[in-house]
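Side chains included, hydrogens not; waters and symmetry mates left out as well; all remaining heavy atoms used.
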Amino acid sequence: MRDASAEVVHELRRRCDLQLRDIPEALHAFTDRYEGRFADVQLPLPKPIGIRPSTHAMTQPVTPATFLSLPAGAPDMVSSADVVIFGAPDATPHVPGATSHAARAPSALRESTQQIARDPLRWDFDQGGPLIPEGLRAVDLGDLPTDPATPQENRSLITSTTVSILKAGVVPLLLGGDDSVPIPFFAGFERFGPVTILQIDAHLDWRDERDGLKHTFSSTMRRASEMPWVERIIQVGQRSIGGSRERDLADAQAWGVTLFSAATVRRHGVQPVIDLIPPGSQCVVTLDCDGLDPTVIPAVLVPQPGGLGYLDIVELLHGVTQRARIVGFDLVELVPDADVRGLGVLAASRILCVALGCVARQRSAMRLADQ
């Protein structure tokens with residue numbers, strides 16, 4: 001063993017004279033030569049060099065990102081706002097107990113706006129004004145503490161949060177989560193109706209149940225139709241194949257839903273949709289990201305070709321703003337893990353910026369009218 005040890009020491013001294021760029025090659029050569037010969041030798045671990053972690057860095061609190069770096073809201077700030085943003089990562093999972101495929105969307109949307117929020121006065125051509133409209137009073141409450149294992153509690157929490165925002169006379173803007181999230185969101189408008197629901201979605205969402213569950217993403221609009229305060233439903237963007245059957249389509253039509261398929265929008269644009277919204281009505285906009293073409297938002301669970309374009313949505317939101325009052329907005333079914341170069345998250349966050357701008361202009365006009 002002594003002769004072998006001396007040989008090792010000699011070899012190590014020789015190797016230490018090598019240039020730094022040759023070290024990886026030398027280590028490989030040394031390992032190949034002596035591997036296994038000193039398996040029983042226990043070498044002491046080196047003592048750490050005197051670099052101590054900064055206690056300041058360790059105790060510095062990390063502030064969660066907010067959408068567009070807007071103020072992080074507390075309950076006492078709600079009544080002074082125009083818009084209150086909150087997230088709901090989960091509601092009713094279609095696989096009981098499983099975290100939603102879209103649970104990371106709220107945080108991804110917030111993070112995506114941090115860079116552009118550094119200069120909120122930059123001109124936004126999609127809004128026809130600055131990125132954050134002058135006078136906008138908006139706060140971000142963060143995400144609700146939802147749990148995929150407790151769907152009923154999730155629904156109650158989403159509804160009660162929506163109610164508390166509406167009671168303050170403020171517009172709720174909800175970041176989902178999958179398409180089960182809007183069901184309890186709509187439920188929060190019970191005492192604040194009647195409302196028109198404008199849905200953008202590739203699918204009909206009129207299944208009565210799916211595997212025995214009645215509040216998952218397959219039943220969103222069926223459950224909405226059962227709410228007496230929902231007086232009108234307009235659905236835009238249907239295409240390809242979803243989970244609905246012929247009977248579901250017949251039920252939707254019998255209820256009085258007006259459908260504008262993606263092909264119809266391609267032929268005639270979004271103006272016929274806008275024209276159908278009653279002037280002066282209260283409108284809740286619910287946007288499922290798969291309503292847009294996957295070239296615009298690839299980050300969805302089931303991409304379907306032939307969807308709406310980004311500018312279709314921008315035009316639609318501006319048109320709704322001219323005819324009705326937007327009293328609620330939700331965006332769901334964004335799947336950041338399925339995104340391509342961040343394009344889907346970018347498009348979704350831009351849609352939210354436009355929606356914020358539309359609400360801001362309406363609220364500013366309301367304040368001027370009250371003066």
Side-chain atoms of residues 262-275: list all donor-acceptor pairs with protein atoms under 3.5 Å, sequence neighbours left out, distances to 0.1 Å.
residue : atom : partner : partner atom : Å
Thr264  : OG1  : Ser261  : OG           : 3.0
Gln271  : NE2  : Asp275  : OD1          : 2.7

Any side-chain heavy atom of [X] sitting closer than 4.5 Å to one from [Y]?
X: Val230; Y: Phe189; result: no
X: Leu131; Y: Asp119; result: no
X: Asp290; Y: Ile297; result: no
X: Thr258; Y: Ile233; result: no
X: Asp201; Y: Gln238; result: no

- Do Leu316 and Leu198 pass the side chain to side chain contact (heavy atoms under 4.5 Å, CB included) test, and can you show the C-alpha distance, the side-chain angles, and the key distance before you say yes or no? CA-CA 10 Å; Leu316 186 56; Leu198 172 63; 4.2 Å; yes

- Message: Within the 3.5 Å criterion, strictly below it, is a donor on Gln152 or His215 matched to an acceptor on the partner's side chain?
- Response: no

Trp206/Leu249 under side chain to side chain contact (heavy atoms under 4.5 Å, CB included): CA gap, chis, key distance, verdict: CA-CA 7 Å; Trp206 267 77; Leu249 175 60; over 6 Å; no

Shortest non-hydrogen pair, Ser112 vs Val345, comes out as CB-CG1, 3.6 Å

Discussion item. Let's go through Val163 and Arg191 carefully: what are the C-alpha distance in whole Å and the side-chain angles of both, what is the deciding distance for side chain to side chain contact (heavy atoms under 4.5 Å, CB included) to 0.1 Å, and is it a yes or a no?
Written reply: CA-CA 8 Å; Val163 169; Arg191 289 182 288 164; 3.3 Å; yes

Query raised in the report: Between Asp140 and Arg110, is the closest basic N to carboxylate O distance under 4.0 Å?
Result: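 Counted as a salt bridge, because a side-chain N and a carboxylate O are separated by less than 4.0 Å.
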
Answer with yes or no whether the hydrophobic clustering places Leu175 together with Leu141; edges join I, L, V, M, F, W, Y residues whose side-chain heavy atoms lie under 4.5 Å apart. no

